[in-house]
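To start, I am sharing the structure in question, which I have written as structure tokens.
All residue numbers in this chain count up from 1 along the given sequence. Atom set for the values below is all heavy atoms of this structure, side chains included, hydrogens, waters and symmetry mates excluded. All values derive from a computational prediction rather than experimental measurement.
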Amino acid sequence: MMTGYIWLMRLLLAHLLTDFVLQPGGWVEDRNKKHFASPKLYVHGLLTAAVAYIMTGWSYWKVALILFISHTGSRS
């Protein structure tokens, strides 16, 4: 079992990677214009969930699901 500190650092790294490194500016613009109608919103949510899943492992798949929902459901 992963300690809380390491788990949190991995999720933070996943967030930083997917929001600032792996997300092109065009995705952000498209999401801001179309929001729920933007396919890029769902691609970004899936990418964020996948990276978090890879970083934390199978036993935390529910966290990846929650991240997908929160990333696609929020306006930011």
Side-chain angles (χ1 to χ4, degrees):
M1 175 138 286
M2 220 182 299
T3 65
Y5 176 75
I6 293 171
W7 188 78
L8 180 62
M9 290 294 103
R10 288 181 180 198
L11 286 177
L12 181 59
L13 180 60
H15 175 76
L16 293 173
L17 282 172
T18 58
D19 275 2
F20 301 108
V21 177
L22 300 175
Q23 180 176 215
W27 287 16
V28 176
E29 292 172 19
D30 192 62
R31 287 173 38 219
N32 287 337
K33 286 180 186 174
K34 301 177 186 173
H35 196 58
F36 290 119
S38 172
K40 291 168 178 65
L41 171 69
Y42 302 100
V43 171
H44 174 66
L46 284 171
L47 181 64
T48 301
V51 172
Y53 174 77
I54 290 167
M55 298 290 276
T56 59
W58 171 249
S59 59
Y60 296 105
W61 67 269
K62 290 179 185 176
V63 172
L65 179 62
I66 291 168
L67 287 174
F68 172 74
I69 293 167
S70 67
H71 253 68
T72 57
S74 67
R75 298 284 300 173
S76 58

Locate the shortest heavy-atom distance separating K40 from W27; write the atom from each residue and the value.
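Result for this residue pair: CD-CD1, 3.5 Å.
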
Same cluster or not: are I69 and L46 linked, directly or through other Ile, Leu, Val, Met, Phe, Trp or Tyr residues, by side-chain heavy atoms under 4.5 angstrom apart?
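Yes; L46 is reachable from I69 via cluster members.
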
Geometric class of the W58/Y53 ring pair [parallel <30°, tilted 30-60°, perpendicular >60°]
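Because their plane-to-plane angle is over 60°, the rings of Y53 and W58 count as perpendicular.
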
V63 side chain reached by L11 side chain, heavy atoms, under 4.5 Å:
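L11 reaches V63 side chain to side chain.
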
Find the distance between NZ (K62) and OG1 (T56) and round it off to the nearest 0.5 Å.
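The distance works out to 13.5 Å.
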
Look up atom NZ in K34 and atom CG in L41, then write down how far apart they are to the nearest 0.5 Å.
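Output value for this atom pair is 11.5 Å.
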
Can you confirm whether S38 sits close enough to V43 that some side-chain heavy atom of one is under 4.5 Å from a side-chain heavy atom of the other?
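No. Closest side-chain heavy atoms not under 4.5 Å.
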
Apply side chain to side chain contact (heavy atoms under 4.5 Å, CB included) to D19 and H71, showing your working.
CA-CA 10 Å; D19 275 2; H71 253 68; 3.3 Å; yes

Backbone N or O of F68 within a donor-acceptor pair of the T72 side chain at under 3.5 Å?
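The answer is yes, because a donor-acceptor pair under 3.5 Å joins these two groups.
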
Value rounded to 0.5 Å, distance of CG in L13 from CG in L8:
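Rounded to the nearest 0.5 Å, the CG-CG separation comes to 11.0 Å.
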
State, yes or no, whether a side-chain contact exists between I6 and R10 at a heavy-atom distance under 4.5 Å.
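Yes, their side chains come closer than 4.5 Å.
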
Check whether F20 and V28 end up in the same hydrophobic cluster, where Ile, Leu, Val, Met, Phe, Trp and Tyr are linked by side-chain heavy atoms less than 4.5 Å apart.
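No, it is not one cluster - the side chains of F20 and V28 are not joined through contacts under 4.5 Å.
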
